[in-house]
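Every chain is numbered from 1, with letters handed out A, B, ... down the list of sequences.
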Protein chains: 2
Amino acid sequence: MKEKSPTTQELVLRLLRTDILTGVLRPGQQIIQESLASRYGVSRAPLREAMKIIEGEGQIIHSPHRGYFVTELDLANMREVYRLREILEREAIRAAIPNLTDTEIQAIGAVADEVSAAAASGELLAITLANRRFHFMVFEASQMPRLVRILTQLWDATDVYRSVYFAAPGSMAHVARDHAGILEALRARDTDEVIRWQDSHRDHALTRLADQLDSPRRPVITVR
Amino acid sequence: MKEKSPTTQELVLRLLRTDILTGVLRPGQQIIQESLASRYGVSRAPLREAMKIIEGEGQIIHSPHRGYFVTELDLANMREVYRLREILEREAIRAAIPNLTDTEIQAIGAVADEVSAAAASGELLAITLANRRFHFMVFEASQMPRLVRILTQLWDATDVYRSVYFAAPGSMAHVARDHAGILEALRARDTDEVIRWQDSHRDHALTRLADQLDSPRRPVITVR
DNA sequence: CCGCGATTAATTGGATCCAATCTGCTACTT
DNA sequence: AAGTAGCAGATTGGATCCAATTAATCGCGG
């Protein structure tokens, strides 16, 4: 097997995503290209192309001749994202259920365990990523690549705040319960029940996140 | 009022969009950066950033070290786009109706006339753009910017084929009738009726487009 | 004659360099 | 003293240049 040759902008893309996710780059903050490029040890060229991608996903916005700024979500915006997720995830689940094989469901169960393991370790980034994999394994079974892409964008838009949510006490137990419920309903091939669990799961996250929106989060790391 | 200073990549962006829309760049074709850049009279740098945006909208795809290619939609993909449009446009209309003022509806009516005027002139590009404005004036009244953005992407994805559709004889009369129906239902604030018209409008377009997908379209202009 | 491998041309990816624009400060006018 | 014009520094936008990767052709061997 030949090893992958990661192009520089893919690398930068990953770095950018995690920096936004972990709060190194805070909402509202301007991104100084030179500074960030040297921080990543690359030139500005691949950074700018990577930023154009992130901009397309709505995580940063661009103002000509002024620069890029990390987007800041207000409550209305957040509610819109969750409303769209509600509509689209229902569609994804409906399309996915008939396609899901037993082995795939088993694999999804394994990922659920990974989430729990990550939760035990307390690694916020690991939890977020594992949780994402869990849900998207279902979505991807829909065989609707464009739908999956849109859902990815919607999840990306709120991921900045999601890690804060996971940090809240008691959230992890709630998540574990919902995941178990989803899994059980998947095994029974009970579409409506899966949707019910997923809806409640999402609603719970939204109310928690809405609370967090008032109290601004503290910086994790600051880049000059 | 100060005039706008269009940055180069915005210019390139517009050029790229119309080139894809009008078929100068055909589905499946590779985009040779140097060739296209010189055609636009610019360097490759702004072209590449513009392409990253278009890629995010799904109109072209990128393969590392190989290049950019204009995306080609198969029937399954096309059906997915229309299914997603169905779901999301319904949501947009539901959210929009309560917000629509009489003056706004009047303005939408004016745009419907523009579509007819464009249809009479036979200018395919003008028809496409006017038609788009008509529908998006409704969508934008939803006050859901993210939803509008996603819908824009979905419309973009099929616009390459839409002009072919408009060229089909009899289509224009059908379109005019549907638009009139939508307008009337808007004036009556009858949400379900608007959705019914919009659904039928869309379904008609899909069946026509599906036909076109078999017979490959002839090139309009070819760039070396 | 067909398949496989190496060399070469073409194209993309990344870095550096220069020009255009914005922002904040200073000084001047009223 | 307040406001505005203009100047200087910083930052972004665009162009050119060089390196890395791909694919295509040619040649060799089976």
Side-chain angles (χ1 to χ4, degrees), chain A residues 1-17 19-20 24-56 58-72 222-224, chain B residues 1-17 19-20 24-56 58-72 222-224:
Chain A
M1 194 50 155
K2 195 177 67 173
E3 63 175 276
K4 57 185 173 186
S5 119
T7 157
T8 307
Q9 46 176 281
E10 289 177 37
L11 170 75
V12 170
L13 199 54
R14 270 204 307 277
L15 292 173
L16 247 179
R17 286 215 171 91
D19 272 356
I20 292 175
V24 176
L25 299 172
R26 298 203 301 285
Q29 177 181 351
Q30 175 170 10
I31 296 178
I32 307 295
Q33 301 181 3
E34 191 59 54
S35 156
L36 197 60
S38 71
R39 189 176 123 85
Y40 292 161
V42 300
S43 137
R44 275 172 47 210
L47 171 64
R48 292 183 51 176
E49 298 200 6
M51 285 197 294
K52 273 280 176 284
I53 297 177
I54 302 282
E55 184 192 13
Q59 309 223 72
I60 62 180
I61 57 178
H62 174 74
S63 180
H65 294 292
R66 293 192 49 237
Y68 290 88
F69 300 81
V70 182
T71 55
E72 209 160 4
T222 310
V223 62
R224 80 135 235 98
Chain B
M1 193 52 153
K2 194 175 68 173
E3 64 176 272
K4 57 185 174 186
S5 117
T7 158
T8 308
Q9 46 175 282
E10 291 178 37
L11 170 74
V12 170
L13 199 54
R14 270 204 307 278
L15 292 172
L16 248 179
R17 285 215 173 91
D19 272 357
I20 293 176
V24 176
L25 300 172
R26 299 202 300 284
Q29 177 181 351
Q30 174 169 13
I31 296 178
I32 306 295
Q33 300 181 4
E34 191 58 56
S35 154
L36 197 60
S38 71
R39 189 176 125 84
Y40 292 161
V42 300
S43 137
R44 273 172 48 207
L47 170 64
R48 291 183 51 175
E49 299 200 6
M51 285 197 295
K52 273 280 178 285
I53 297 177
I54 302 282
E55 184 192 13
Q59 308 223 67
I60 61 180
I61 57 178
H62 175 73
S63 181
H65 293 291
R66 293 192 49 237
Y68 290 89
F69 299 82
V70 182
T71 55
E72 208 161 4
T222 311
V223 62
R224 79 141 248 98

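Here T8(B) reaches the OP1 or OP2 of dG14(D): one of its side-chain N or O atoms lies under 4.0 Å away. Phosphate contact (OP1/OP2 of dG13(C), side-chain N/O of Q9(A), threshold under 4.0 Å): absent. One finds a side-chain N or O of Q30(B) lying less than 4.0 angstrom from the OP1 or OP2 phosphate oxygen of dT12(C). Residue R48(B) has a polar side-chain atom (N or O) positioned under 4.0 Å from OP1 or OP2 of dG13(C).
Across all strands, L11(A) comes closer than 4.0 Å to no nucleic acid atom at all (heavy-atom distances).
When rounded to the nearest whole Å, the span between CD1 of I31(A) and P of dG13(D) equals 12 Å. Taking atom CZ on F69(B) and atom P on dA23(D), their separation rounds to 8 Å, with Å as the unit. Rounded to an integer number of Å, the gap from NE2 of H62(A) to C1' of dT12(D) is 8 Å. Separating the CG atom of L13(A) from the C1' atom of dG13(C) is a distance of 15 Å, rounded to the nearest angstrom. The interatomic distance linking Y68(A) (OH) with dC22(C) (C1') rounds to 16 Å, in whole Å. Per the geometry, CD belonging to Q33(A) stands 16 Å off P belonging to dG14(C), to the nearest Å. Rounded to whole angstrom, the span from the NE2 atom of H65(B) across to the P atom of dA20(D) amounts to 11 Å. Whole-Å rounding puts the E34(B) CD to dT11(C) C1' distance at 10 Å.
Under the 4.5 Å side-chain criterion, counting only non-hydrogen atoms from C-beta, F69(A) is not in contact with H62(A). When side chains are defined from C-beta on, K52(A) counts as touching Q9(B), because their heavy atoms get closer than 4.5 Å.
Residue-to-nucleotide proximity on DNA chain C shows that, of G67(B) and P46(A), the 5′-proximal contact is made by G67(B). Residue-to-nucleotide proximity on DNA chain D shows that, of E49(B) and R44(B), the 5′-proximal contact is made by E49(B).
Of all nucleotides listed (dA15(C), dA15(D), dG14(D)), dA15(D) comes nearest to the side chain of S43(B). Closest to the I32(A) side chain, of the nucleotides dG14(D), dC22(C), dT11(D), is dT11(D).
The closest donor-acceptor contact from the side chain of Q30(A) to the backbone of V70(A) lies at 3.5 Å or more, if one exists at all. Judged by distance alone, the side chain of T71(A) and the main-chain N or O of I61(A) form no donor-acceptor pair under 3.5 Å.
Rounded to the nearest 0.5 Å, atoms CG (L25(B)) and CD1 (I31(B)) are 5.0 Å apart.
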